[in-house]
Amino acid sequence: MAGIKLLDSWASPSAMKVRIALAEKGIEYESKEEDLAHKSPLLLEMNPVHKQIPVLIHNGKAICESMIIVEYIDEVWKEDSSLLPSNSQDRTRARFWVHLIEKKIYNLIRRLVWSANSDNKKAAAKDLVEFFKVMEGELGSKPYFGGDRFGFVDVALVPFYGYFYTYETFGNFSFARECPMLVQWGERCLQRESVSKNLPDPYKAYEFVLEHRKKLGIDE
């Protein structure tokens, strides 16, 4: 497993996706924690377009964008259990839901967590809950999004479970009340070592957000 490095950040849900996928495959790698306020020359060299983490460096070559990296991991180390379904239609469906997560969730979180306006936060909380209800509807009564096996969509969504407390606190709502099956799913995912070792403590995550808001000069 020589030659595998991850440009990383403990607090980043995007980086968590990659760490979870690596753990699911049992891949050893070197993690390099990035200070995103002072980006390393290696990060700027390996991701010159977006200059963002995560970046997986495999045998000297960079792979960027979290779910592209996850697909790469799944394809290269395919001798281990696959994260993507084997059926073409199921794979397409999984990619659809991951595309929706990537397209929607970051904007909703930005509106909720990084806003100084209480009315904006209230509207964002409503929209975020509606999004998670859509995801809960797709989950249904299944243990995981792909059925009985933890897979691609779970990897894409579960990092945000580590921030549920933060979203609830800023949005003044309860996931247990609004999306109880999704909370049960999150608890089920946490029973996996790949998830439990890579998600932050909810209170540490909340403190990180508060500190970052302070640095940005965002007032309540």
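Heads up: numbering here begins at 1 and tracks the sequence.
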Chemist: Ion pair present between E34 and K32, side-chain N to carboxylate O less than 4.0 angstrom?
Modeler: yes
Chemist: Tell me, please, which residues at least two apart from E71 pass salt bridge (charged side-chain N to carboxylate O under 4.0 Å, His left out).
Modeler: R95
Chemist: Sequence neighbours excluded, which residues qualify as salt bridge (charged side-chain N to carboxylate O under 4.0 Å, His left out) partners of E130?
Modeler: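 E130: no salt bridge (charged side-chain N to carboxylate O under 4.0 Å, His left out) contacts found.
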Chemist: State which residues pass side-chain contact (heavy atoms from CB on, under 4.5 Å) with T92; sequence neighbours excluded, sorted by chain then number.
Modeler: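 Applying side-chain contact (heavy atoms from CB on, under 4.5 Å) to T92 gives none.
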Chemist: Report, as yes or no, whether the 6.0 Å neighbourhood of atom CZ on R91 holds more than 12 heavy atoms from other residues, nucleotides or ligands.
Modeler: yes
Chemist: Just jot down the side-chain contact (heavy atoms from CB on, under 4.5 Å) partners of P200, sequence neighbours excluded, or say none.
Modeler: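 So P200 forms a side-chain contact (heavy atoms from CB on, under 4.5 Å) with W10, M16, Y163, A205.
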Chemist: Can you name the residues that form a side chain to side chain donor-acceptor pair (under 3.5 Å) with H38, not counting sequence neighbours?
Modeler: D35
Chemist: The criterion is salt bridge (charged side-chain N to carboxylate O under 4.0 Å, His left out); which residues satisfy it with K104, sequence neighbours excluded?
Modeler: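 Per chain and number, K104 pairs via salt bridge (charged side-chain N to carboxylate O under 4.0 Å, His left out) with no residue.
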Chemist: Can you list, pair by pair, the side-chain donor-acceptor contacts under 3.5 Å of residues 41-56, counting residues two or more places apart and other chains?
Modeler:
| residue | atom | partner | partner atom | Å |
| --- | --- | --- | --- | --- |
| N47 | OD1 | H50 | N | 3.3 |
| N47 | ND2 | Q52 | O | 2.8 |
| K51 | NZ | P48 | O | 2.9 |

Chemist: Under the rule for salt bridge (charged side-chain N to carboxylate O under 4.0 Å, His left out), what residues qualify as partners of K133, not counting sequence neighbours?
Modeler: E178
Chemist: Any pair with a residue in residues 199-208 that passes side-chain hydrogen bond (donor to acceptor under 3.5 Å, both in side chains), sequence neighbours left out, goes on the list, sorted by first then second residue, please.
Modeler: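 Sorted result for residues 199-208: empty, none.
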Chemist: Please list all pairs meeting salt bridge (charged side-chain N to carboxylate O under 4.0 Å, His left out) that have one or both residues in residues 145-161, counting only residues at least two apart or in different chains.
Modeler: none
Chemist: Can you tell me which residue pairs pass the ring-ring contact (aromatic ring centres under 6.0 Å, His included) test with a partner in residues 89-108, sequence neighbours excluded?
Modeler: Y106-F160
Chemist: Does S31 have any side chain to side chain donor-acceptor pair (under 3.5 Å) partners at least two apart in sequence or in another chain, and if so, which?
Modeler: D8
